[in-house]
K.L.:
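Submitted below is the structure of interest, expressed as structure tokens.
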Amino acid sequence: MMTELKMTVALFFALLCGLNFCCGLKEIVESYKVEFEQREVDVESDGPVSGNSVDSNGLVSDKCMRCICMVESHCNNNIGCRMDVGSLSCGPFQIKKAYWIDCGQPKGDYKTCANDYACAYNCIQTYMARYIGHSGCPKNCESYARIHNGGPRGCTNPNTIGYWNKIKQQGCTIYS
């Protein structure tokens, strides 16, 4: 009986997704999350400890975060800062100062946080939790990547489509 119920629920959500009413059960559950949990990150391996996108405590899956990191710096923790579109971008996720301010100014210093994988990872999670609900875009890897690249409403900006294509070349999909 329970298996039949699970299949019925799964088919219901699959139908809704096919009709673009929702993006999936995971996104619905995430929309009801109240608190954002900080992620423990293993800096030695350049990635989250859990490594499993299904078990991710953050809004953005580990796989999607890894694709963003690869596009930004090939996940190079030693990349430092460089000029990008008229302002400094730092660290493996190439975070700008305004982005760091919007994620709550963790570690009290922009460059220190942006150049620290764990701090930058958590900054991105906080930034997405802050803006995804106001962007008008679904909670999925494409939206997160385009917001990361283009700011709070980047997922609606056609100029971020090229960035999304680079993310897909790293093996991510909308549902990563």
K.L.:
Is there a donor-acceptor pair closer than 3.5 Å between any side-chain N or O of Q105 and the backbone N or O of Y110?
P.N.:
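The answer is no, because no donor-acceptor pair under 3.5 Å joins these two groups.
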
K.L.:
Verify whether one side chain among K107 and T112 offers a donor that lies under 3.5 Å from an acceptor in the other.
P.N.:
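Checked: K107/T112 side chains show no N/O donor-acceptor pair below 3.5 Å.
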
K.L.:
Who passes salt bridge (charged side-chain N to carboxylate O under 4.0 Å, His left out) against E72, sequence neighbours left out?
P.N.:
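Per chain and number, E72 pairs via salt bridge (charged side-chain N to carboxylate O under 4.0 Å, His left out) with no residue.
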
K.L.:
Any side-chain donor-acceptor pair under 3.5 Å between Y121 and D62?
P.N.:
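Y121 vs D62: donor-acceptor pair found between side chains.
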
K.L.:
I'd like to know whether Y99 forms a ring-ring contact (aromatic ring centres under 6.0 Å, His included) with F93, so could you lay out the CA-CA distance, the side-chain angles of the two residues, the decisive distance to 0.1 Å, and finally the verdict.
P.N.:
CA-CA 11 Å; Y99 194 113; F93 292 100; 9.3 Å; no

K.L.:
Is it true that the SG atoms of C69 and C75 are less than 2.5 Å apart?
P.N.:
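Their SG atoms fall under 2.5 Å; a disulfide, then.
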
K.L.:
Can you check whether I95's main-chain N or O pairs, donor with acceptor, with W100's side chain at less than 3.5 Å?
P.N.:
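Looks like no, no N/O pair under 3.5 Å.
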
K.L.:
Let me confirm one number: the SG-CD1 distance from C141 to I174, rounded to the nearest 0.5 Å.
P.N.:
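C141 SG to I174 CD1: 9.0 Å, rounded to 0.5 Å.
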
K.L.:
Please identify each residue that fulfils salt bridge (charged side-chain N to carboxylate O under 4.0 Å, His left out) with K168, with sequence neighbours left out.
P.N.:
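If we apply the salt bridge (charged side-chain N to carboxylate O under 4.0 Å, His left out) test to K168, skipping adjacent residues, there are no hits.
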
K.L.:
Can you find a side-chain donor-acceptor pair between N157 and T160 that sits under 3.5 Å?
P.N.:
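Checked: N157/T160 side chains show no N/O donor-acceptor pair below 3.5 Å.
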
K.L.:
Does the T126 side chain pair with the main chain of N122, one donor and one acceptor, at a distance under 3.5 Å?
P.N.:
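Yes: the side chain of T126 pairs with the backbone of N122.
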
K.L.:
CD1 of I132 to OH of Y144: how many Å apart, nearest 0.5 Å?
P.N.:
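Reported value, rounded in 0.5 Å steps: 5.0 Å.
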
K.L.:
Let me confirm one number: the NZ-CG distance from K96 to D84, rounded to the nearest 0.5 Å.
P.N.:
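K96 atom NZ to D84 atom CG measures 4.0 Å (nearest 0.5 Å).
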
K.L.:
Tell me, please, which residues at least two apart from D109 pass salt bridge (charged side-chain N to carboxylate O under 4.0 Å, His left out).
P.N.:
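Expected list: none.
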
K.L.:
Scan side-chain atoms only and decide if R66 and Q170 contain a donor-acceptor pair under the 3.5 Å cut-off.
P.N.:
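Looking only at side-chain atoms, Q170 and R66 do not form any donor-acceptor pair under 3.5 Å.
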
K.L.:
Membership question, hydrophobic clusters at under 4.5 Å side-chain separation (ILVMFWY): are M65 and Y175 in the same one?
P.N.:
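Linked within one cluster.
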
K.L.:
Regarding C103 and C123, I want to know if their SG-SG distance comes in below 2.5 Å, which is how I'm defining a disulfide.
P.N.:
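Yes; the two sulfurs sit under 2.5 Å apart.
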
K.L.:
Would you say R153's side chain and I147's backbone share a donor-acceptor pair under 3.5 angstrom?
P.N.:
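No.
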
K.L.:
Applying side chain to side chain donor-acceptor pair (under 3.5 Å), name anything that partners Y127, two or more places apart in sequence or on another chain.
P.N.:
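Y127 satisfies side chain to side chain donor-acceptor pair (under 3.5 Å) with no other residue.
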
K.L.:
For T173, give me all partners under side chain to side chain donor-acceptor pair (under 3.5 Å), at least two apart in sequence or on another chain.
P.N.:
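Applying side chain to side chain donor-acceptor pair (under 3.5 Å) to T173 gives S176.
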
K.L.:
Verify, without hydrogens or angle tests, whether N149 (side chain) and A145 (backbone) share a donor-acceptor contact under 3.5 angstrom.
P.N.:
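Answer holds: no.
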
K.L.:
Can any side-chain N or O of Q94 pair as donor or acceptor with the backbone N or O of S73 at less than 3.5 Å?
P.N.:
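Flag not set: sc Q94 to bb S73 has no pair under 3.5 Å.
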
K.L.:
In sequence, state the C-alpha distance, the side-chain angles, and the governing distance for I68 and C172, and then conclude on side chain to side chain contact (heavy atoms under 4.5 Å, CB included).
P.N.:
CA-CA 9 Å; I68 291 170; C172 279; over 6 Å; no

K.L.:
Identify the heavy atoms of G80 and N115 that sit nearest to each other, and give their distance.
P.N.:
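Taking G80 first and N115 second, the nearest heavy atoms are CA-OD1, 3.3 Å.
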
K.L.:
Run the salt bridge (charged side-chain N to carboxylate O under 4.0 Å, His left out) test against R130 and tell me which residues pass, sequence neighbours left out.
P.N.:
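Result, salt bridge (charged side-chain N to carboxylate O under 4.0 Å, His left out) vs R130: D102.
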
K.L.:
So, H148 side chain and M128 main chain: donor-acceptor pair closer than 3.5 Å or not?
P.N.:
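Pair absent, no side-chain N/O of H148 close to backbone of M128.
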
